[in-house]
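Worksheet: the structure to be examined is printed underneath.
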Amino acid sequence: MKDTFILGIESSCDETSVSIVKNGTEEVATVISSQIDIHKDFGGVVPEIASRQHVKNVTMVLESCMEKANMTMEQIDAIAITYGPGLIGSLLIGLETAKTLAFVYNKPLIPVHHIAGHIYANSLVKEMTFPLLAVVVSGGHTELIEMTKHYRFNKLGGTLDDAIGECYDKVARVIGLEYPGGPKIDKLAKEGKDTYKLPVPLKDDSYNFSFSGLKSAVINLAHNEEQRGNKLRKADLATSFQEVAIEAIITKVRKAIIDKKIKNVIVAGGVAANQGLREAMEKLAKELDFDLCIPPMKYCTDNATMIAAAGYYAYLDGRRADMNLNSKSQDELR
Ligand code: KG4
Ligand code: ZN
């Protein structure tokens, strides 16, 4: 069978990335230009700065990916693009680039939901088998998605307020850690003890999550310690926070696996890089006897490899977009 090469473009937040993936499973070449160092000074991503950086970088990133792959546009079968969700100004830069390429080289344009990309990062690691549960944990999402076949997504539940990654980043800020704080909390959590009492969020019968109460509890705790003149034990707070945050996720994941008789679980999104979550998921896999796949760190955070991989399955599913495709800051995964 002829190989299919998909060129993916991702620019939904602060990474400009282009990648070529063969048959949805094999990375040919990827280039990522990260803006983290620029946004760090502001304590978070500044949308206007992000879009300007994408404009500056996208052609360079595209050219260097083609060079790295040693391929020409004629060899590409389709262009996959993150159309949303994300920062609208940032998304538009990738989208216009993708549209231009599709138009000039007469290639199909494949719209990819950012979360589908995170889920399909797993297909670069091993074959995805169904039914499966995707645990999506990122800066903007915390969702449990059931899949019975390729490119069919059934949302079981999600966060009612803050996403888990967002909560990590806010807690990090309270502790005085630089953006993005998630990985820094994860590291610090290894050094502390679970001594601070924090509330376990949303103990109900749904598959939903809520992290704003936990976030507020941490802010209040830090504030109270300061008022009492007590030194905040940062490592202990990181450990206590991580314990509760992960327990909240694991409780709902356990329920979904049991209720839906799931045998395959994948973890997707930036927070899949979290060491504590990885360990807790591995423990759960032993307890409930399911196959677990967590992509390596490089595929967990935003990249175009996952968009090209998802794009391949979207392509097989017959999904196409025309020149009217628009970016969406919010959109349900369908
Ligand atoms: O998926 P992602 O790259 O961007 C979105 O699509 O949102 O996720 C970024 C999020 C940030 O909130 C970052 O702090 C968090 O993932 N993150 C982590 C870790 N690595 C990244 N959170 C906790 N522990 C980590 N090791
Ligand atoms: Zn992401």
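Worth knowing before you read on, the calculation uses all heavy atoms, side chains too, and leaves out hydrogens, waters and symmetry mates. First listed ligand is number 1; within each ligand, the first listed atom is number 1.
Of the protein's non-hydrogen atoms, the one nearest atom 24 (N) of ligand 1 is Asn274 ND2, 2.9 Å. Of the protein's non-hydrogen atoms, Gly270 O, 3.7 Å is the one closest to atom 17 (N) of ligand 1. Among protein heavy atoms, atom 26 (N) of ligand 1 sits closest to Asp186 OD2, 3.0 Å. Among all non-hydrogen protein atoms, the one lying nearest atom 11 (C) of ligand 1 is Asp169 OD2, 3.5 Å. Here the heavy atom of the protein found nearest to atom 15 (C) of ligand 1 is Val271 CG2, 3.8 Å. The closest protein non-hydrogen atom to atom 2 (P) of ligand 1 is Asp302 OD1, 3.4 Å.
Ring geometry for Tyr120 versus Phe153: interplanar angle over 60°, hence perpendicular rather than tilted (30 to 60°).
Residue contact check: Ala273 has heavy atoms under 4.0 Å from atoms 20 (N), 26 (N) of ligand 1. Heavy-atom contacts of Gly182 reach the following atoms of ligand 1: 14 (O), 18 (C), 19 (C), 22 (N), 23 (C), 24 (N), 25 (C) (cutoff under 4.0 Å). Counting atoms of ligand 1 from 1 in the listed order, those under 4.0 Å from a heavy atom of Gly165 are 12 (O). When each atom of ligand 1 is checked for a heavy atom of Gly139 under 4.0 Å away, the hits are 5 (C), 7 (O), 8 (O), 9 (C), 10 (C), 12 (O).
For the pair Lys215 and Asp161, the salt-bridge criterion is not met [side-chain N within less than 4.0 Å of a carboxylate O]. The residues Lys286 and Glu282 are annotated as not salt-bridged, no charged nitrogen and carboxylate oxygen being separated by less than 4.0 angstrom.
Protein atoms that are N, O or S and lie under 2.8 Å from the Zn ion (ligand 2) are these: His114 NE2, His118 NE2, Asp302 OD1.
Lys252 has its side chain within reach of Ser206: a pair of non-hydrogen atoms, C-beta onward, lies under 4.5 Å apart. Side-chain contact between Asp302 and His114 is present, with at least one heavy-atom pair separated by less than 4.5 Å. Put simply, the side chain of Asp331 reaches to within 4.5 Å of the side chain of His113, judged on heavy atoms.
By the criterion of side-chain heavy atoms lying less than 4.5 angstrom apart, applied directly or through intervening Ile, Leu, Val, Met, Phe, Trp or Tyr residues, Leu144 is grouped together with Phe290 in one hydrophobic cluster.
Using a 4.0 Å cutoff on heavy atoms, Glu15 does not count as a contact of ligand 1. Contact analysis puts His114 in contact with ligand 1, with a non-hydrogen atom separation below 4.0 angstrom. Ligand 1 lies within reach of Gly140, whose nearest heavy atom is under 4.0 Å from it.
Ring centroids of Tyr196 and Phe241 are separated by 6.0 Å or more, keeping the two rings apart. Ring centroid separation for the pair Phe103 and Tyr105 does not come in under the 6.0 Å cut-off.
The list of ring pair (Phe, Tyr, Trp, His ring centres under 6.0 Å) pairs with a residue in residues 205-228, not counting sequence neighbours, is empty.
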Before you tell me yes or no, could you show the steps for Tyr179 and Phe42 under ring-ring contact (aromatic ring centres under 6.0 Å, His included), namely the whole-Å CA-CA distance, both residues' side-chain angles and the distance that decides it to 0.1 Å? CA-CA 8 Å; Tyr179 173 84; Phe42 303 95; over 10 Å; no
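Distance check, rounded to the nearest 0.5 Å: CZ of Arg254 to CG of Leu284 gives 5.5 Å.
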